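Just so you know, these numbers use all the heavy atoms, side chains as well, and skip hydrogens, waters and symmetry mates. Each chain gets a letter, A, B and so on, in the order its sequence line appears, and its residues count up from 1. Bear in mind that the values here come from a model prediction, so they are computed numbers and not experimental data.
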There are 2 protein chains.
Amino acid sequence: MKTEIAEILKRNQLSVTDSRTSILELFRSSKSALAHADIEKKTSEQFDRVTIYRTLQTFVEKGIVHTIPTADNSVLYALCKDNCSQGHHHDNHVHFICDDCGVTYCLEHISIPNVQVPEGFITKQTDLVMSGQCDKCNA
Amino acid sequence: MKTEIAEILKRNQLSVTDSRTSILELFRSSKSALAHADIEKKTSEQFDRVTIYRTLQTFVEKGIVHTIPTADNSVLYALCKDNCSQGHHHDNHVHFICDDCGVTYCLEHISIPNVQVPEGFITKQTDLVMSGQCDKCNA
DNA sequence: AACACTTTGCAACTTTGTTGCAAAATAAAC
DNA sequence: GTTTATTTTGCAACAAAGTTGCAAAGTGTT
């Protein structure tokens, strides 16, 4: 296990440190989106706030995790499926936020349709966020 | 003009004040999504930060504007088209935020492609926000 | 083990958003 | 057009979230 996580870090040209290992492990075990505060709590405040910020930033840059927009102005981080290891493949799926329960869903299998932007515009990121009622709240 | 805006406020049971009038006017003239910071700047810091927060909150509650979540942890506010009073039909065009100059463009002529959601989900709103470099900054 | 390089934790700071309350503005009543 | 009741505003103080510089500690390489 540990070795596997170390592998992922090395594959992304990151040195293997306690914080990176723990946080990545946390993502893999929880298998759901985490907020910065969640990580702080679940690592028992073992790491400095700043360290967590920087670790998350690094992971985003390397494509290990991606950010999820939420309605209440908080950022969630989630593991990128294919570990994005070959890189360049930014997440491309639709997110759905339930107005009632507030849960953010990754609709992994629904990809964002291509959108043609006007000439001269360069797109670096595309977010498609839907909101309404999820299946559980609609019952 | 002023009368028209006052009408909208009254229709929503809101008293007509300077800040509400100015901010609503700003939304109508800019016709694009605005962040809190944009509003602060464009009203030349005429109003207290707190007032702007509360005004936006009120507008959201009344359905005059709606929020657009973005992945970078910023919330955008946009006018609801039909004033949403009779409801339900929200804007349907793509937004583009320039990372360099910070301007938000409404790509009015590009509509959001239809997205099929899983069974049981009810979509009330769909926002597509792109970011990158606009034509002016890419020159 | 010794070196170069990267990462961490601390402190200080900025930015963003919230709350309570007195003063001012608005709306309603006369 | 005053007066009164209600709402809204601005201030101050606070809370939460995020950033930056830098010395100390950790990592990787030889």
Side-chain angles (χ1 to χ4, degrees), chain A residues 2-3 5-26 33-62 64-77 102, chain B residues 2-3 5-26 33-62 64-65 67-77 97 99 102 104:
Chain A
K2 285 250 167 133
T3 337
I5 286 180
E7 276 309 311
I8 298 175
L9 292 173
K10 280 178 193 160
R11 202 187 312 149
N12 286 283
Q13 290 125 44
L14 294 174
S15 40
V16 180
T17 66
D18 286 357
S19 52
R20 285 175 185 163
T21 306
S22 298
I23 292 174
L24 187 48
E25 208 161 358
L26 186 60
L34 296 170
H36 178 275
D38 296 329
I39 297 167
E40 217 172 328
K41 279 173 212 148
K42 294 199 179 174
T43 53
S44 319
E45 282 145 16
Q46 190 181 352
F47 306 109
D48 196 81
R49 263 162 17 91
V50 181
T51 303
I52 297 174
Y53 279 118
R54 288 196 269 226
T55 303
L56 288 170
Q57 199 176 299
T58 307
F59 284 178
V60 170
E61 277 163 12
K62 292 293 183 181
I64 299 170
V65 303
H66 70 276
T67 57
I68 305 175
T70 65
D72 69 332
N73 199 16
S74 69
V75 176
L76 294 176
Y77 298 84
Chain B
K2 287 249 168 130
T3 336
I5 286 178
E7 275 310 311
I8 298 175
L9 292 173
K10 281 178 192 163
R11 202 186 313 150
N12 287 282
Q13 291 125 41
L14 295 174
S15 41
V16 181
T17 66
D18 285 358
S19 53
R20 287 177 183 162
T21 306
S22 297
I23 292 174
L24 187 48
E25 209 160 2
L26 185 62
L34 297 169
H36 178 274
D38 296 327
I39 296 167
E40 218 172 327
K41 279 175 212 144
K42 294 201 181 173
T43 53
S44 320
E45 282 145 15
Q46 190 182 350
F47 307 109
D48 195 80
R49 262 162 16 90
V50 181
T51 302
I52 296 173
Y53 280 117
R54 291 197 267 223
T55 302
L56 288 170
Q57 199 176 299
T58 307
F59 283 180
V60 170
E61 278 164 10
K62 293 293 181 178
I64 299 171
V65 304
T67 57
I68 307 174
T70 62
D72 68 331
N73 199 14
S74 69
V75 176
L76 294 178
Y77 298 84
I97 305 172
D99 292 333
T104 303

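Annotation: side chain of B:F59 is in contact with side chain of B:L9 (closest heavy-atom distance under 4.5 Å). Looking at heavy atoms from C-beta onward, B:I64 lies in side-chain contact with B:L14 at the 4.5 angstrom threshold. Contact of the B:Y77 side chain with the B:I68 side chain is not registered, since no non-hydrogen atoms from C-beta on lie closer than 4.5 Å.
In this structure, B:I52 atom CD1 and D:dT9 atom P are separated by 11 Å, rounded to whole Å. D:dG26 atom P lies 13 Å from atom CD of A:Q46, rounded to whole Å. Following rounding to the nearest Å, A:E40 (CD) and D:dG18 (P) show an atom-to-atom distance of 10 Å. D:dC14 atom C1' lies 14 Å from atom OH of B:Y53, rounded to whole Å. Rounded to an integer number of Å, the gap from NZ of A:K41 to P of D:dA16 is 11 Å. For the pair A:I39 CD1 and D:dA17 C1', the computed distance is 14 Å after rounding to whole Å. Atom pair A:L76:CG and D:dA17:P shows a separation of 13 Å (rounding to whole Å applied). Distance, B:D48 CG to D:dA13 C1': 13 Å, rounded to whole Å.
Of the residues near DNA chain C, B:A37 and B:R54, the one whose nearest nucleotide (by heavy atom distance) lies more toward the 5' end is B:A37. Sequence order on DNA chain C of the closest nucleotides to B:D18 and B:V50 puts B:V50 first from the 5' end.
Using a 4.0 Å heavy-atom criterion, one finds that B:R49 contacts the bases of the nucleic acid, with or without backbone contacts as well.
A distance of 9.5 Å separates CD of B:Q57 from OG1 of B:T55, quoted to the nearest 0.5 Å. Atoms CG and CD1, from A:N12 and A:I8 in turn, are 8.0 Å apart once rounded to the nearest 0.5 Å. The CD1 atom of A:I52 sits 9.5 Å away from the CD atom of A:Q46 when rounded to the nearest 0.5 Å.
Scanning DNA chain C 5' to 3' for nucleotides with an atom closer than 4.0 angstrom to a non-hydrogen atom of chain A gives a first and last hit of C:dT6 to C:dG17.
For the OP1/OP2 pair of D:dT8 and a distance below 4.0 Å, the side-chain nitrogens and oxygens of B:R20 include at least one atom meeting the criterion. Taking only side-chain nitrogens and oxygens, B:T17 comes nearer than 4.0 Å to OP1 or OP2 of D:dT9.
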Give the table of side-chain donor-acceptor pairs shorter than 3.5 Å for residues 34-43 of chain A, with sequence neighbours excluded, one pair per line with atom names and distance.
unit_1, atom_1, unit_2, atom_2, d
A:H36, ND1, A:E40, OE1, 3.4
A:D38, OD2, A:A35, N, 2.9
A:T43, OG1, A:I39, O, 2.7
A:T43, OG1, A:E40, O, 3.3

